[in-house]
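Presented below is the structure to which this report refers.
Everything numeric here is computed off the predicted structure, so don't read it as measured data.
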Amino acid sequence: MSKKLLPLTLVCLSLSACSTLTSPFSSGAAPSGKTVAAYREQVELTGRLNVVYQKDDKPESATVNFNWQQTAQRTDVTLYSPVGSTLATIAVTPQQAVLTQSGKAPRSAPDVDTLSAQMLGWSLPVSGLRDWLQGYAVGADGKRFAASPANDSVTTKDGWRLRYVSWQDASDNTPGALPQPRRIDAERNASAQADAVSLRIVLDPAPSAQAQ
């Protein structure tokens, strides 16, 4: 592990440890043909994110917990260490993105992907995650993709490969309940515009009050 890490990467795991990380939420139930619940502009989610990325031509990795809040015009993300310390906050509006790390002055830029790559060492695709976390994406063909346990993978218009690995169980006792993502794997190859990065996202179970 490189010693020249940004503050956030102090919570890094070894690459081998990351490769063996498994979701505790996998379900043995037969895949459902139901499509995800309707998209919501306003949502609050929590979970865990593991990222594997390149730094100085070497693989690095980090695991963080996150709180995600979005409205139609704004996204706020807080990243926490595994022990609960706030590592960074990100606020995104149509005009700009502002990223603040503990003990540092806020930095702003028009593009959050570039800003997060500069500040954190890896790119957090906030605009894409607004869709992905709810099971939606814009496919490479430009069409709207809606995931389901039976249709769980897509390549996005901007080159991310998504796979919905596991789902929150929709209780048979809840009329009209629809599946919601629980674990999402996303990866992007290196290009002239961006480095290679892989994300593994595990969402906390949604409270029953959010089932719609």
Side-chain angles (χ1 to χ4, degrees), residues 5-12 39-56 60-81 85-140 142 144-145 154-164 181 184-204:
L5 301 184
L6 294 172
L8 179 59
T9 59
L10 293 176
V11 298
C12 286
Y39 185 82
R40 293 173 290 161
E41 290 285 1
Q42 185 167 336
V43 68
E44 180 172 358
L45 300 166
T46 59
R48 183 176 73 250
L49 183 151
N50 172 258
V51 55
V52 179
Y53 60 102
Q54 294 289 318
K55 180 177 174 63
D56 299 328
E60 299 286 355
S61 60
T63 294
V64 297
N65 297 324
F66 67 87
N67 178 269
W68 177 281
Q69 294 179 297
Q70 76 177 52
T71 64
Q73 295 297 320
R74 183 182 174 101
T75 306
D76 290 281
V77 187
T78 304
L79 303 177
Y80 302 94
S81 73
S85 302
T86 299
L87 299 168
T89 60
I90 303 170
V92 182
T93 66
Q95 291 74 39
Q96 67 174 353
V98 178
L99 191 153
T100 305
Q101 286 180 291
S102 179
K104 294 185 177 182
R107 290 273 302 275
S108 63
D111 176 56
V112 67
D113 291 30
T114 301
L115 180 63
S116 61
Q118 291 173 347
M119 299 279 290
L120 305 177
W122 47 276
S123 176
L124 184 67
V126 172
S127 58
L129 286 165
R130 282 180 63 95
D131 279 346
W132 304 351
L133 293 178
Q134 296 190 57
Y136 291 87
V138 178
R144 185 74 163 165
F145 170 83
V154 65
T155 298
T156 71
K157 190 174 183 180
D158 51 355
W160 286 88
R161 295 185 299 279
L162 306 182
R163 183 177 172 228
Y164 289 85
I184 308 162
D185 288 356
E187 62 178 3
R188 181 186 64 195
N189 292 336
S191 68
Q193 293 75 35
D195 293 330
V197 62
S198 297
L199 305 175
R200 177 176 296 180
I201 303 159
V202 179
L203 294 168
D204 293 332

> For W68 and Q70, does a side-chain donor sit closer than 3.5 Å to a side-chain acceptor?
Replying inline: yes
> Any chance the side chains of E44 and N67 put a donor and an acceptor closer than 3.5 Å?
Replying inline: yes
Non-hydrogen atoms of [X] and [Y] that approach each other most closely:
X	Y	value
D76	A91	OD1-CB, 3.5 Å
L203	P181	CD1-O, 3.5 Å
A97	V92	CB-CG2, 4.1 Å
P125	L199	CD-CD1, 3.9 Å

Tell me if a side-chain donor or acceptor on [X] pairs with a main-chain N or O of [Y] at a distance below 3.5 Å.
X	Y	result
S116	L120	no
T155	G159	no
R200	T63	no
Y164	W132	yes

> Would you call T93 and Q73 a side-chain contact if the rule is heavy atoms closer than 4.5 Å?
Replying inline: no
>> Within this structure, what is the OG-CG distance for the pair S85 and N65, rounded to the nearest 0.5 Å?
In response: 11.0 Å
>> What I want to find out is whether D131 reaches R144 closely enough, with some N-O distance under 4.0 Å, to be called a salt bridge.
In response: yes
> Around atom CD of E41, are there more than 12 heavy atoms of other residues, nucleotides or ligands at under 6.0 Å?
Replying inline: yes
> Between Y136 and Y39, what is the ring plane arrangement, given parallel below 30°, perpendicular above 60°, and tilted in between?
Replying inline: perpendicular
